[in-house]
Structures are given as structure tokens and as C-alpha cells.
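Heads up, the thing below is written out as C-alpha cells.
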Amino acid sequence: MPVTVAEAVASALVRHGVEFIFGQSNPTALMLAAEDAGIRQLLYRTENAAGAMADAYARVSNRIGVVAAQNGPAAALMVAPMAEALKASIPMLVLVQEVPASQRDRNAFQELDHFALFAGVAKWVRRLDDPDRAADYIDLAMIAANSGRPGPVVLLLAKDMLQQPSRAPDVARRQDLGLFPLDRPRPDMESIERAAELLANARSPLVIVGGGVHTAQAVDALDRLISTGCLPVATTNMGKGAVDETGPLSLGVAANLLGRNGPASAHRDLIAKADVVLLIGTRTNENGTDAWSLTAPGASYIHIDIDGTEVGRNYEALRLVGDARAAILDLTAALQRQDLTKRRDGAGALMAEIAAARHRRSDAIAPQLQADTQPILPQRLMGDLDSLIGPDDIVVADASYSSVWVTGYLTARRAGQRFLTPRGLAGLGWGLPFAMGAKLARPGARVVGLVGDGGFAHVWGELEMAVREGIALTLIVLNNSQLAMQRHGENLGFGRSTTGIRFVEVDHAAVARSVGAQGHRIDDPNAFGPALELALASDEVTVLEVISDADAFAPLRIFDGQDACLGIPAGPHAAARRQGA
């Protein structure tokens with residue numbers, strides 16, 4: 001029996017392990033065919049949130065997320081989440097409705113140049129023009145998205161094309177290409193041996209781990225490398241969870257969190273004196289390197305990355321271009337062939353130094369974690385959350401301060417624990433859809449999201465989807481009625497803030513209840529822990545709105561010693577100014 005292009009596409013998606021598509025009604029022919037094939041349609045409220053859901057789903061499941069969007073304005077809303085996924089190296093298949101060929105370049109309804117639209121945010125953009133190549137193009141899209149450095153891809157599907165008959169290919173396709181990494185290329189052995197020699201003979205080596213270790217599923221291999229070489233290890237924000245932060249060689253998250261009371265602030269001297277630095281799966285971006293000042297410029301660098309253009313971008317390095325897990329396994333084997341006497345003889349003193357620094361930081365932040373002040377300190381909330389989450393729980397955060405509270409104040413208690421933060425481009429509005437995507441990827445896990453009131457307002461309509469689809473999660477909303485990190489940055493740079501950072505008061509708990517979720521407003525710090533414990537035990541969508549301190553600031557080094565400047569109050573919002581308030 002002949003099949004349509006829509007049916008051929010749906011069949012190919014099933015072969016690649018796709019269980020659901022984040023999609024509204026269009027392209028309708030495809031949605032109908034996908035549901036007939038057993039793929040669920042998950043109706044989102046906005047395309048930008050749907051892209052974030054697909055991103056988080058891929059990060060947790062290591063399978064590609066699939067999104068469908070109508071042409072024109074809906075497609076344009078996919079740009080932001082695709083940009084985050086491209087920078088963060090996360091695969092995503094975006095299926096976009098296209099106008100029929102007979103209507104192109106005639107100003108058809110919602111016609112847009114999608115090739116130009118997606119040029120800067122996709123690895124691969126194609127239009128299906130031959131109905132007999134439907135399965136081919138889905139395979140090509142999967143290969144492009146999941147091979148090499150993963151990233152988003154786009155397949156344009158014209159409305160009339162989807163309903164045309166599609167002939168099966170002469171050679172049947174059977175492979176599941178929906179998971180990543182598809183391939184595990186290895187660096188050359190000569191470079192591996194040289195890297196092992198450098199690490200074995202280093203005076204003070206250091207490993208810095210980025211999110212690429214999670215993508216490559218390399219956390220177990222990394223653990224063996226660290227223990228084999230007695231190597232101290234720090235992570236970037238996106239690398240958090242790749243290392244057990246209770247382990248004797250972990251420095252925690254370093255990146256740009258080296259300010260007063262930051263997770264690696266007490267390890268500054270150890271980081272600064274590193275003479276050989278091994279970078280794994282990191283773009284060496286501004287935030288990940290504290291504006292490229294984290295390590296000594298005169299150190300010798302070794303860089304493992306799947307993308308050869310990232311190796312040596314900011315630090316001239318011994319190039320180990322390849323899959324992170326394969327490279328780490330080879331490097332560990334090569335290290336075992338070296339004389340490791342120097343590493344082992346110094347291990348006891350190194351671990352004692354790390355433990356002492358960790359203890360100093362713990363003592364320094366204890367008053368924040370126990371503070372009973374009102375409005376509530378975000379650090380106090382993180383202390384309660386840290387005591388209640390386990391190694392199999394997933395914590396996600398929005399950008400801005402939410403990411404800092406999670407990466408800086410929670411503890412990864414096993415290698416591979418997941419903490420998701422949108423650090424590719426760090427845009428607001430990712431927290432709730434990230435939590436939803438993570439829960440869909442791992443339904444049995446408890447998922448907690450942390451967002452500010454500013455970021456939550458971008459996407460609070462998606463609460464309806466979470467309730468409708470039974471995506472049980474706990475969302476903590478820090479309500480301080482302003483963009484606090486923006487205010488602090490403006491105060492630091494200009495001595496005052498704009499009026500565009502203040503909001504009117506919003507009852508976010510009531511917003512949650514209005515769509516059938518549980519919603520609780522908390523202004524007493526002692527009430528948060530019990531409320532969180534109940535939420536974590538619930539199988540409902542729960543929003544905990546916390547009235548939080550707008551003067552709390554992150555442990556960024558640029559903020560050190562600037563307390564008085566950062567505390568300059570924000571002016572009234574524009575509406576209040578007009579009314580003479």
C-alpha cells in the first residue's frame with residue numbers, strides 16, 4: 001500500500017526512537033501521521049519554550065529532541081532555543097512547515113525565507129523536494145545533528161509535499177540514528193602519549209571539565225582518569241555533576257564563581273599555580289574561564305574536544321581532537337604506562353589541601369545557609385534544597401542568578417548527577433521548560449527547577465502544559481519583583497540602575513493554582529524546607545513562590561568588595577513614576 005511523505009517521515013522518526021514531538025497542529029499532515037505511528041504530540045504554548053524542552057530532553061536522555069513548528073512567526077520563535085542548543089552542543093531536529101512550491105516568492109501566507117532565518121543557529125538546513133527521499137532526509141538530518149559536535153538541524157516540509165505519495169527506498173534503512181554521540185573518533189596516539197607524559201611529570205596539574213563530558217557520557221571514564229593520575233579537577237558551570245564534588249580531588253565549580261564564598265574561591269591558589277592544565281569538553285568561553293583569567297597564561301595546556309575549532313581557540317594547547325570518552329580512556333591507559341611516583345607521592349598533601357580549603361568555604365557560607373532573615377536569602381533556600389536532594393535527582397535553573405545559586409551552592413554527590421543550566425547563551429526563560437524536558441526524559445526522577453520572577457514570566461503559560469501532560473515537577477520561583485542581577489551589574493558599572501528592572505507585584509502561586517497546579521507562597525525561611533519536602537514527595541506540578549532578598553548577590557569575583565555599590569536600591573518602576581509614587 002503506498003504511503004504519503006508524512007507517513008514516511010513518521011515511520012523514519014519511529015525507527016530513530018522518537019517517542020514524541022513537541023508540536024502544535026502544524027504541519028497537520030505530519031502530526032496526524034505521527035500520532036497514527038505511535039508518536040505522541042506534546043502541545044506546547046510557545047515555540048521558544050518547546051525548543052528549550054527539546055534541549056533539556058536531549059541533555060538528560062542522550063537522544064535527540066524533535067520539535068515541529070508552523071512557517072513564519074512560529075518558526076522565528078525557534079531561533080533563540082536553537083541558538084542555545086548550538087552553543088551548548090545539543091542536538092535538536094526542527095521540522096518546519098513550508099509553503100508549497102507553487103506559492104513560493106509570491107507573498108504566500110506567513111511565507112518567510114527559512115534558510116536565511118536559521119542560517120546562524122543550525123548545523124544543517126534542508127528542504128524536502130523529492131517525495132521518494134523522505135526517509136533519506138530524516139536520516140541525513142539525524143546524522144548531521146548527532147555526529148561530530150552535536151547541534152540543531154532543520155528540515156523544511158511543504159504542506160503539499162507531505163500529502164504526496166512516497167516510494168520506499170530500494171535499500172531498506174534500519175539503523176537507529178536518534179542517539180548521540182553517533183561516533184567516537186579518537187585522537188592520535190602520539191599526542192595521547194605526549195599528554196600523559198606532561199601530566200605525569202607536572203609540578204601541579206589541573207583538570208577543567210565542561211559540559212562536553214556529559215554529552216559524551218564520559219563521567220565514569222573521567223573518574224578513572226582522575227583517580228589514576230591523582231589529578232585535582234574543577235568544572236565549568238555546564239560541567240557541574242561530571243565529578244562527585246564530595247570526592248577528595250574535586251574543587252567544585254570554578255568558572256566565574258571565584259568571588260568571595262564561591263565554590264572554588266578557597267582553591268584559588270591551587271588553580272593559579274597549575275603548570276599543566278587539561279581542558280575536557282569546554283569552549284573556554286568567558287564565563288567558564290572567569291574572563292580568561294582562571295589559570296596561569298604560562299601553563300602548558302592540553303585540550304580534548306570533539307570540535308577541532310575549539311581546541312586552541314583561547315589557549316594554545318596540545319590538540320586531542322576526538323570524542324571525550326574515547327580520548328579519556330586512551331589517556332588513562334597511556335598515563336598508566338607512565339611513572340606515576342610523583343603523582344602518588346604528592347597525593348596525600350594535595351587531598352589535605354583540598355579538604356582544608358573546602359572546610360574553610362563551608363564555614364564561610366554557613367551563616368548564609370542558616371540565615372533566618374526576611375526577605376529570604378536565596379543561599380538559605382539552597383542550603384535546604386541541598387539537604388533534601390539525592391544523587392539521582394535532577395536540578396535545573398534559569399539563567400542569571402538562578403544558575404549561580406544552583407551551580408555554586410548545591411552539591412553533586414555522584415559523578416553523573418545532572419544540573420542543567422542554559423549556559424550556551426544564557427537567556428532568560430529556560431528554567432520551567434528545562435524542568436519539563438528533563439522530567440520527560442527521566443520520568444522516574446524527581447526534578448526541581450529554580451527560576452527568578454523575571455525569567456518565569458517569559459514562560460509561565462507552559463505550566464498549563466505541565467499540568468495537562470502530568471509532568472510532575474517542583475518549581476521554585478524567587479520573587480523579588482525585579483531583575484536583581486541586572487540591577488547589581490548596572491550599579492557596579494554606572495552607580496545606579498535603570499527603571500526598566502522593576503515589576504509590579506505578582507502572585508505567582510495564584511498563577512500556578514489558576515491552571516490546576518499546586519501553588520504556595522512562602523515568606524518565612526523556616527517554612528521553605530517542609531514545603532519543599534512535601535513538594536518533592538508529590539506527584540503534582542508544584543510551584544513554591546519564595547519572597548526573596550533582592551540584595552543577595554552571587555560570588556562573582558567582580559563583585560568582591562562592592563557591597564555598598566551593589567546595594568544601591570532600584571528606583572520605582574515606570575508606572576509608579578508616572579503616578580507620582
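Since we're looking at a predicted model, the values are computed, not measured.
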Name every donor-acceptor pair, under 3.5 Å, that has one atom in a side chain of residues 205-218 and the other anywhere in the protein, sequence neighbours excluded.
unit_1, atom_1, unit_2, atom_2, d
His214, NE2, Lys240, O, 3.0
His214, NE2, Ala242, N, 3.4
Thr215, OG1, Gly211, O, 3.4

Checking Arg186 now: which residues fulfil salt bridge (charged side-chain N to carboxylate O under 4.0 Å, His left out) with it, not counting sequence neighbours? Asp330

Please name the residue in the list Asp393, Asp392, Asp386, Asp244 that meets the side-chain hydrogen bond (donor to acceptor under 3.5 Å, both in side chains) test with Arg413. Asp386

Starting from the C-alpha separation in whole Å, work towards a yes-or-no answer on side-chain contact (heavy atoms from CB on, under 4.5 Å) for Lys123 and Leu86. CA-CA 8 Å; Lys123 287 182 66 179; Leu86 185 71; 4.2 Å; yes

Can you tell me if Arg184 uses its side chain to pair, donor with acceptor, with the backbone of Ala326 under 3.5 Å? no

Gly229 backbone acceptor or donor facing Gln338 side chain under 3.5 Å: no

About how many Å separate CH2 of Trp405 and CG of Leu381, when rounded to the nearest 0.5 Å? 10.0 Å

Mark yes or no for whether Gln368, through its side chain, and Gln379, through its backbone, hold a donor-acceptor pair below 3.5 Å. no

As a quick check of understanding, evaluate side-chain hydrogen bond (donor to acceptor under 3.5 Å, both in side chains) for Gln486 and Ser497, giving each step before the final call. CA-CA 8 Å; Gln486 181 70 18; Ser497 62; over 6 Å; no

For a 4.5 angstrom cut-off between non-hydrogen side-chain atoms, does Pro555 reach Ser265? no

What I'd like to find out is whether the side chain of Phe115 reaches to under 4.5 Å of the side chain of Leu156, using heavy atoms alone. yes

Is any side-chain heavy atom of Leu450 less than 4.5 Å from a side-chain heavy atom of Asp398? no

Within this structure, what is the OH-CD distance for the pair Tyr301 and Glu316, rounded to the nearest 0.5 Å? 11.5 Å

Passes side-chain contact (heavy atoms from CB on, under 4.5 Å), Val277 versus Leu279? Steps please. CA-CA 6 Å; Val277 180; Leu279 306 164; 3.9 Å; yes

Salt bridge (charged side-chain N to carboxylate O under 4.0 Å, His left out) between Glu193 and Arg337: does it pass, once the steps are laid out? CA-CA 9 Å; Glu193 295 290 347; Arg337 294 190 288 270; 2.4 Å; yes

Taking Ser293's backbone N and O only, do any of them form a donor-acceptor pair with Asp290's side chain (distance below 3.5 Å, no angle check)? no

Could you tell me whether the side chains of Asp139 and His16 share a donor-acceptor contact shorter than 3.5 Å? yes

What I'd like to find out is whether the side chain of Leu222 reaches to under 4.5 Å of the side chain of Ile280, using heavy atoms alone. yes

Shortest non-hydrogen contact from Leu199 toward Val276: CD2-CG1, 3.9 Å

Write down the atom of Asn237, the atom of Asn287, and the distance for their closest heavy-atom approach. ND2-O, 4.4 Å

Ser89 and Arg149: side-chain hydrogen bond (donor to acceptor under 3.5 Å, both in side chains), yes or no, with the steps? CA-CA 6 Å; Ser89 306; Arg149 179 176 178 171; 2.7 Å; yes

How far does NE2 of His114 sit from CG of Leu155, to the nearest 0.5 angstrom? 12.5 Å

Val154 and Met82 have their tightest heavy-atom pair at CG2-CE, 3.5 Å

Could you tell me whether Arg59 and Asp55 have a side-chain N and a carboxylate O separated by less than 4.0 Å? yes

Close side-chain approach of Tyr57 and Lys439, heavy atoms under 4.5 Å: no

For residues Asp176 and Gly17, report the shortest heavy-atom separation together with the two atoms involved. OD1-N, 4.1 Å

Contact between Asn62 and Pro181 at the side-chain level, heavy atoms closer than 4.5 Å - yes or no? yes

Between Ile394 and Ala445 the two heavy atoms that sit nearest each other are CD1-CB, 4.1 Å

Got a donor-acceptor contact below 3.5 angstrom from the Glu462 side chain to the Thr46 backbone? yes

On a heavy-atom basis, the closest approach of Ala221 and Thr332 is O-OG1, 4.3 Å

When rounded to the nearest 0.5 angstrom, what is the spacing between CG in Asn314 and CG in Asn285? 8.5 Å

So Arg194 and Leu318, side-chain contact (heavy atoms from CB on, under 4.5 Å) or not? Walk me through it. CA-CA 8 Å; Arg194 175 61 181 145; Leu318 177 58; 3.7 Å; yes

Quick one: does Arg487's side chain have a donor or acceptor within less than 3.5 Å of a partner on Ile568's backbone? yes

If you apply the rule side-chain contact (heavy atoms from CB on, under 4.5 Å), what do you find for Ile64 with Asn146, and how did you get there? CA-CA 8 Å; Ile64 193 169; Asn146 293 323; 4.0 Å; yes

Are any side-chain N or O atoms of Ser400 and backbone N or O atoms of Ser402, one a donor and one an acceptor, separated by less than 3.5 Å? no

If you measure from CG on Leu432 to NE2 on His458, what distance do you get to the nearest 0.5 Å? 12.5 Å

Above 12 or not: heavy atoms from other molecules or residues under 6.0 Å from NZ of Lys342? yes

Please confirm whether the backbone N or O of Leu566 pairs with a side-chain atom of Asn491, one donor and one acceptor, at under 3.5 Å? yes

Less than 4.5 Å apart, any side-chain heavy atom of Asp307 and any of Val321? no

Glu490 side-chain N/O to Arg496 backbone N/O, donor-acceptor pair under 3.5 Å: no

Backbone N/O of Thr284 and side chain of Trp292: donor-acceptor pair under 3.5 Å: yes

Heavy-atom check, side chain of Val451 versus side chain of Leu475, under 4.5 Å: yes

Crowding at CG, Asp345 (>12 non-hydrogen neighbours, <6.0 Å): yes

Can you measure from CE (Met142) to CG (Leu177) and round to the nearest 0.5 angstrom? 8.0 Å

